[in-house]
Amino acid sequence: MKIAIIYASTEGQTRKIVHHAEDLLLGEGHSVTLRHATDAGDLRLSEFDAVILAASVHAGAYQSELVAFAKDHASTLNEGASMFLSVSLGAAGDDDAEWTALRGYVEDLKTDTCWTPGKIEHVAGAFKFTEYDFFRYWAMRWMESKRDPSAPAGEDREYTDWDKLDKLLRDWTRAQTAAS
């Protein structure tokens, strides 16, 4: 299968996730083109069997470059097999209010872009304290203390479930292959 992966990342966890996805899919025998949303405008999505878009939630929204890409390519995305990976810290927990908000962010994306992904998956992100500026460090530290009071202060912490992501990608590509 020929797959395009288009992404946007603020702190690097989404980039790490899509590179992991690329490696896994290549290992499964697929052809993969991976591009940041700002470098993907020249791709002819109709030439791919499937497209994965990935972005992370920050302050209640996804990166503008990914939103713009989805909006510009909505008709092609809606015609073929597509999946959206929504990366967030909220996906690491089981708080009902956070999950309601996460679903709302995806609905906003769908409304703003006119793209309806064939599959939507919420993927847990990471705290990257070593990469934050002073103010972001303290804001994220406060958030982490609410999520996990026992977490060591200021240590990078990854919540992405790599095995779950691998299973998701394998199952999705198998379903797309069977459908074609």
Side-chain angles (χ1 to χ4, degrees), residues 1-91 101-126 128 131-133 136 158 160 162 165-166 168-180:
M1 209 162 69
K2 188 174 178 184
I3 303 168
I5 303 175
I6 315 302
Y7 76 99
S9 184
T10 300
E11 294 161 357
Q13 190 66 12
T14 303
R15 180 177 53 249
K16 184 174 180 178
I17 288 166
V18 297
H19 280 280
H20 177 88
E22 176 188 35
D23 290 344
L24 177 100
L25 294 170
L26 287 170
E28 295 281 314
H30 301 287
S31 169
V32 180
T33 299
L34 174 66
R35 297 268 182 89
H36 188 278
T38 57
D39 299 324
D42 65 331
L43 288 180
R44 300 175 82 115
L45 296 183
S46 60
E47 295 176 0
F48 292 88
D49 300 309
V51 180
I52 299 170
L53 268 59
S56 53
V57 176
H58 291 274
Y62 298 103
Q63 290 86 356
S64 60
E65 60 267 33
L66 191 281
V67 173
F69 182 88
K71 183 182 260 185
D72 290 347
H73 298 277
S75 62
T76 305
L77 288 166
N78 285 328
E79 290 171 7
S82 67
M83 177 169 47
F84 179 54
L85 299 177
S86 173
V87 179
S88 65
L89 286 165
L102 291 176
R103 287 188 288 276
Y105 303 147
V106 171
E107 289 305 313
D108 291 345
L109 176 74
K110 290 163 57 176
T111 299
D112 292 346
T113 64
C114 298
W115 170 46
T116 303
K119 179 155 186 68
I120 299 162
E121 190 68 28
H122 293 276
V123 180
K128 303 260 185 154
E131 298 177 24
Y132 300 151
D133 64 25
R136 186 153 186 92
E158 190 171 81
T160 305
W162 299 106
L165 179 62
D166 291 353
L168 161 78
L169 292 167
R170 286 185 179 111
D171 290 350
W172 185 70
T173 54
R174 285 180 187 134
Q176 299 314 311
T177 301
S180 58

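These figures come from a predicted structure and were not determined experimentally.
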**Message:** I need the minimum non-hydrogen distance between L169 and A21, along with the two atoms involved.
**Reply:** CD1-CB, 3.5 Å
**Complete:** Output for pair (W162 CH2, L24 CG), nearest 0.5 Å, gives 11.0 Å
**Message:** Could you check whether any side-chain N or O of D39 sits under 3.5 Å from a backbone N or O of R35, counting only pairs where one atom can act as donor and the other as acceptor?
**Reply:** no
**Complete:** dist S64:OG -> H58:NE2 (nearest 0.5 Å) comes out at 12.0 Å
**Request:** Answer yes or no: is there a side-chain heavy-atom contact under 4.5 Å between I17 and Y7?
**Result:** no
**Prompt:** So, for G125 and V87, which heavy atoms are closest and what is the spacing to 0.1 Å?
**Reply:** CA-CG1, 3.8 Å
**Prompt:** Taking atom types as modelled, is there a side-chain donor on E28 or T173 under 3.5 Å from an acceptor on the other?
**Reply:** no
**Prompt:** Does anything in residues 56-85 pair up under salt bridge (Lys or Arg N to Asp or Glu O under 4.0 Å), and if so which pairs, sequence neighbours excluded?
**Reply:** none
**Heavy-atom pair with the smallest gap, counting every atom of A8 and T14** = O-CG2, 3.4 Å
**Request:** Measure the shortest side-chain to side-chain distance between M1 and L25 over non-hydrogen atoms and say whether it is less than 4.5 angstrom.
**Result:** no
**Message:** Using only atom types and a distance under 3.5 Å, with no angle test, would you say the side chain of D49 pairs donor to acceptor with the backbone of I3?
**Reply:** no
**Prompt:** Which atom pair, heavy atoms only, marks the closest approach of S82 to P117?
**Reply:** OG-CA, 3.5 Å
**Fill in**
Across all chains, not counting sequence neighbours, the ring-ring contact (aromatic ring centres under 6.0 Å, His included) partners of Y62 are F84
**Prompt:** Say you draw a straight line from CG of N78 to OG1 of T116; how long is it, rounded to the nearest 0.5 Å?
**Reply:** 5.0 Å
**Message:** Return the CG to CD1 distance between L34 and I5, rounded to the nearest 0.5 Å.
**Reply:** 5.5 Å
**Message:** Looking at A124, is its backbone amide N or carbonyl O close enough to the side chain of T160 to form a donor-acceptor pair, meaning the two atoms are under 3.5 Å apart?
**Reply:** yes
**Message:** If you compare all heavy atoms of S46 against all heavy atoms of T76, which two are closest, and at what distance to 0.1 Å?
**Reply:** N-CG2, 3.6 Å
**Prompt:** Any idea which heavy atoms bring A81 and Q176 closest together, and the distance?
**Reply:** CB-OE1, 3.0 Å
**Item:** H19: ring-ring contact (aromatic ring centres under 6.0 Å, His included) partners, not counting sequence neighbours
**Value:** none
**Request:** Not counting sequence neighbours, which residues clear ring-ring contact (aromatic ring centres under 6.0 Å, His included) with H30? List them please.
**Result:** none
**Request:** Apply ring-ring contact (aromatic ring centres under 6.0 Å, His included) to W172 and list each qualifying residue two or more places apart in sequence or on a separate chain.
**Result:** none
**Item:** Side-chain heavy atoms of L77 within contact of T113, under 4.5 Å
**Value:** no
**Asked** So how far is it from E11 CD to K16 NZ, rounded to the nearest 0.5 Å?
**Response** 13.5 Å
**Request:** Using the salt bridge (Lys or Arg N to Asp or Glu O under 4.0 Å) rule, collect all pairs that involve residues 110-120, keeping only residues at least two apart or in two chains.
**Result:** E107-K110, K119-E121
**Prompt:** How long is the gap from CG on L85 to CD1 on I52, to the nearest 0.5 Å?
**Reply:** 6.0 Å
